[in-house]
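In what follows, every heavy atom counts, from backbone to side chain, and hydrogens, waters and symmetry copies are set aside. Here the structure is a predicted model, which means the values were calculated and not measured. So that the names make sense, note that chain A is the first sequence line, chain B the second, and so on, each numbered from 1.
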Amino acid sequence: MELNDYIVIGSGCCGAMVAKTLVDAKQRVLLLDAGVQPDSTIKSAYSNYIAIRQNDTEQQDFLIGQDMQAIRSIQSDHPVHLTPNRQFTIEKTEQYLSWIKGDFMPIESLAKGGLGNAWGLGSFVYSDEELINTGLPVSEMKSAYQWVNQIVGISGGDDDAKEYANGSLFKPQKAIPLDFNGMRLHRYYKKNKQKLLQLGFHIGRTPLAISTENEQNGDVFKGNDLDFYDIRKGSAFRPINLIEQLQKSNLLDYRDKQFVLSFNQQSTQTIVEAIDMQSHEQKKYACKKLIIATGALGTARIVMRSLNLEKLPLLCNPYTYIPSLQYPLIGAANTGYQTGLGQFSLYYDFDRKHKEIAMGSTYSYRALMGFRLMREFPFDYKSNIQWLKLLQPALNVTGLFHSDYGSATKYIERVFDNNSPSLDKLIGTYQLNDEEHQKIYKNEKAFKNALRKLGTIPLRAHRNQHGASIHYGGTLPFNGQYANASLHANGRLKAYENIFVADGSGFQFLSGKGLTLTLMAYAHLVAKNSLVN
Amino acid sequence: MSNRTSEFDALFFYLTGQPPLSDQINQYQHGIDRLKLSLNTKEEEMLAWAISKPFRIRILDVGLNFNMKKSNLKERFALAAAIVECDTRFFDRFLNTTIVTSRSSKVILLGLQSVSIFLIAYIIFKIKRWN
């Protein structure tokens, strides 16, 4: 068996940053990945939304898919908004990453590029207080954020909320243009800024992993509202492209169709066991150092199997979405520039201590297909089509994330299952206590109030099932009681010399701010630490 | 089992006032198979009652919302609506290309119309018994 210097598991946002850091340091890396790939025969976005809708007689291939993929995904118990060319993001997860139905149902990925293929691109820097709460080293993380900003093109605003968005750590590229919906919100914000500040709201342009001034992410944003939906082209950062760029160097050996089961550290080496997803044979790989970067839940599976654990703690941001209407925009024309990307972020920091923030990002409703939305209306489709036409230009959606601390009623358990290739599956328990329910209710009320001040009419707040936020962490917390199931702040598994975890598994707190940028920065930091440890 | 071609003809006509194209009928059939949207006896009976008249289809459409929103029959309506939405001939029905004037009166009229149909469907679904 060949002894590799490094084995990295996973190719999502974290795995890509680990691989980049190690390759930059001239290390030879074997990257093991399930690596489900996009189907190249599926039509990709090639024009703007209105042009496709108006002129393309084969648009159903892109919007619904020849196998009705888009419809099938919203029929499921856990609907994911994916166009057919992005369905590979969640392919094979039911078979390999199965869950017993419970009150926590997450979304995971076995794709090359992982959940990064469907990432909403929000790129937020944690404040010093949030980093301390999370258990992360402040000064090292600040350098790591700056490093990520050199790899990932990030746009945003130099505005009132920049302290909340990027902590003034770097100058973002100019923000994407506002559409007519965003412009009206901005007018109301300027008018009611003082009132909003008094309520505890700081509002600014959403920082996005979209390059607007250079080709850092592949292309420059040119106002194409489908860039978000295109994995291969466009201005959005997708880890799959970084991995493929690294594959061109002879330092990264990318091995796909490898579903990693467990690890076993021996005296001078670590053995990684995997199933070959094509031949179904068991494979073994040896390395001096192992970095696991499969996301908190994927890592939890591997660690639980390796250490024969049955239960681990869990963190997940509770998620609420609030649709709201801008009445004067009812019946507006759709033909101009309009974007479904986040335009404004609202940071609710009631005590102004940057410590525990609830964050909402507002989007114009620019879903690819109206029938998804029409399903939610109480009337008949014939009426719903007319409602949709009238209301769609006026509709904003604010996705609101609430911060999360661990508790005894939030955990995952591993149970045996003969039908699973890994012979196990997970069940999640996620129950909020009264205080947490109160906090969420208070946040929702405050956000509705703020949305009114922004000139909109907020509709009902919808709370999604726990797990829908796709923000997971805390399975191997830095402050965990058991050495086997916790991490040092440098990412090393406490009981092992050469096994590192480079995702959110160690986080002991999840801020309401999106965590992907923090995960990428932390993954870089762990890879760097592994070089010196 | 209902005749699916007639069923899609009826649904398409109900949504658009026009007949479907043959490739759209095939797409609908393919969608039903791929999404496994088979109907149970009650749904078959409901569809048979509604299929001959567009207004009955509308009543059935809204009536299914009361306690059968996740039924395969309602999913067939969603499938038909998705196919219609992807038809460039009906682009204008889904998205405004010009500003709608007198939006308040449009909202009120559409509200009255939707609620009226909702109430009629509610009464019919209370009275009518399905097997």
Side-chain angles (χ1 to χ4, degrees), chain A residues 49-75 77 180 325 327-336 338 366-394, chain B residues 11 14-16 23-24 27 30-37 54 57-66 69-70 72 74-75 77-104 106-107 109-111 113-115 117-118 121:
Chain A
Y49 177 65
I50 294 292
I52 289 176
R53 290 290 305 275
Q54 203 158 14
N55 305 316
D56 184 358
T57 52
E58 292 175 355
Q59 60 184 274
Q60 65 271 19
D61 292 352
F62 170 62
L63 296 171
I64 304 178
Q66 292 191 339
D67 279 336
M68 308 289 154
Q69 297 96 316
I71 298 177
R72 201 182 311 149
S73 65
I74 58 166
Q75 281 180 319
D77 288 343
F180 57 80
L325 282 172
Y327 190 79
L329 296 181
I330 289 176
N334 278 295
T335 45
Q338 211 184 345
R366 188 62 159 186
L368 292 168
M369 293 289 286
F371 79 92
R372 296 164 190 267
L373 188 63
M374 285 192 280
R375 292 158 60 99
E376 306 298 324
F377 288 20
F379 306 119
D380 56 286
Y381 271 101
K382 201 164 171 138
S383 303
N384 290 349
I385 290 171
Q386 296 177 67
W387 278 117
L388 181 79
K389 186 178 175 180
L390 269 177
L391 300 181
Q392 186 265 346
Chain B
L11 286 177
Y14 154 61
L15 290 169
T16 67
D23 64 328
Q24 290 175 316
Q27 204 189 343
H30 177 62
I32 286 173
D33 295 340
R34 293 298 299 179
L35 301 169
K36 299 190 177 87
L37 299 179
I57 293 186
R58 196 166 191 173
I59 295 296
L60 176 62
D61 184 357
V62 69
L64 288 169
N65 288 352
F66 299 143
K69 204 165 183 174
K70 296 241 169 183
N72 281 351
K74 191 68 186 176
E75 293 294 344
F77 276 81
L79 174 62
I83 292 169
V84 170
E85 199 178 350
C86 287
D87 188 332
T88 51
R89 291 177 296 167
F90 307 112
F91 169 80
D92 288 350
R93 296 194 185 190
F94 288 87
L95 291 164
N96 296 316
T97 47
T98 52
I99 296 169
V100 174
T101 51
S102 60
R103 61 174 179 272
S104 295
K106 281 225 160 94
V107 168
L109 285 173
L110 186 55
Q113 180 194 296
S114 304
V115 170
I117 292 162
F118 185 92

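In this structure, B:D61 CG and A:N384 CG are separated by 7.5 Å, a value rounded to the nearest 0.5 Å. Expressed to the nearest 0.5 Å, how far CD1 of A:I330 lies from CG of B:N96 amounts to 11.0 Å. For the atom pair CG (B:L64) and CG (A:D380), the distance works out to 11.0 Å, reported to the nearest 0.5 Å. A distance of 9.5 Å separates CG in B:D33 from CE in A:M68, rounded to the nearest 0.5 Å.
Under the 4.5 Å side-chain criterion, counting only non-hydrogen atoms from C-beta, B:F94 is not in contact with A:M369. B:I117 is not listed as a side-chain neighbour of A:K382, based on a closest heavy-atom distance of 4.5 Å or more. At a threshold of 4.5 Å between non-hydrogen side-chain atoms, the residues A:Y327 and B:S104 count as touching. In this structure the side chain of B:H30 reaches within 4.5 angstrom of the side chain of A:D67, judged on heavy atoms. Looking at A:S383 and B:R58, their side chains come closer than 4.5 Å, going by heavy atoms from C-beta outward.
In this structure, chain B has a heavy atom under 4.5 Å from the backbone of A:Q66, while its side chain stays farther away. With a threshold of 4.5 angstrom between heavy atoms, A:P393 approaches chain B through side-chain atoms but not through N, CA, C or O. Of the two parts of B:F77, the backbone and the side chain both hold a non-hydrogen atom closer than 4.5 Å to a non-hydrogen atom of chain A. Both the backbone and the side chain of B:Y14 come within less than 4.5 Å of a heavy atom of chain A. B:T98 touches chain A through its backbone: at least one of N, CA, C or O sits under 4.5 Å from a heavy atom, while the side chain does not. In this structure, chain B has heavy atoms under 4.5 Å from both the backbone and the side chain of A:I50. Interface residue A:Q54: backbone and side-chain heavy atoms are both found under 4.5 Å from chain B. Both the backbone and the side chain of A:I385 come within less than 4.5 Å of a heavy atom in chain B. When heavy atoms are compared at a cutoff of 4.5 Å, B:Q27 approaches chain A by way of both its backbone and its side chain. Looking at A:N55, the atoms closer than 4.5 Å to chain B (heavy atoms on both sides) all sit in the backbone: N, CA, C or O.
Taking each heavy atom of B:T88 and A:R53 in turn, the nearest pair found is CG2-O, 3.8 Å. Nearest heavy-atom pair across A:Q59 and B:E85 is OE1-O, 4.1 Å.
Comparing B:Q113, B:K36, B:K69 by how many heavy-atom pairs each has under 4.5 Å with chain A, the most go to B:K69. If you tally non-hydrogen atom pairs under 4.5 Å between each of B:G111, B:A81, B:A121, B:A78 and chain A, the highest count goes to B:A78. Ranked by heavy-atom pairs under 4.5 Å with chain A, the list B:D23, B:V84, B:I99, B:L35 is led by B:L35. Comparing B:V62, B:T16, B:L95 by heavy-atom pairs within less than 4.5 Å of chain A, the highest count is held by B:L95.
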### Task
I would like to know whether A:Q69 and B:R34 meet side-chain contact (heavy atoms from CB on, under 4.5 Å); could you show each step before the answer?
CA-CA 9 Å; A:Q69 297 96 316; B:R34 293 298 299 179; over 6 Å; no

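A distance-only check finds a donor-acceptor pair linking the side chain of B:N65 to the backbone of A:F379 [under 3.5 Å].
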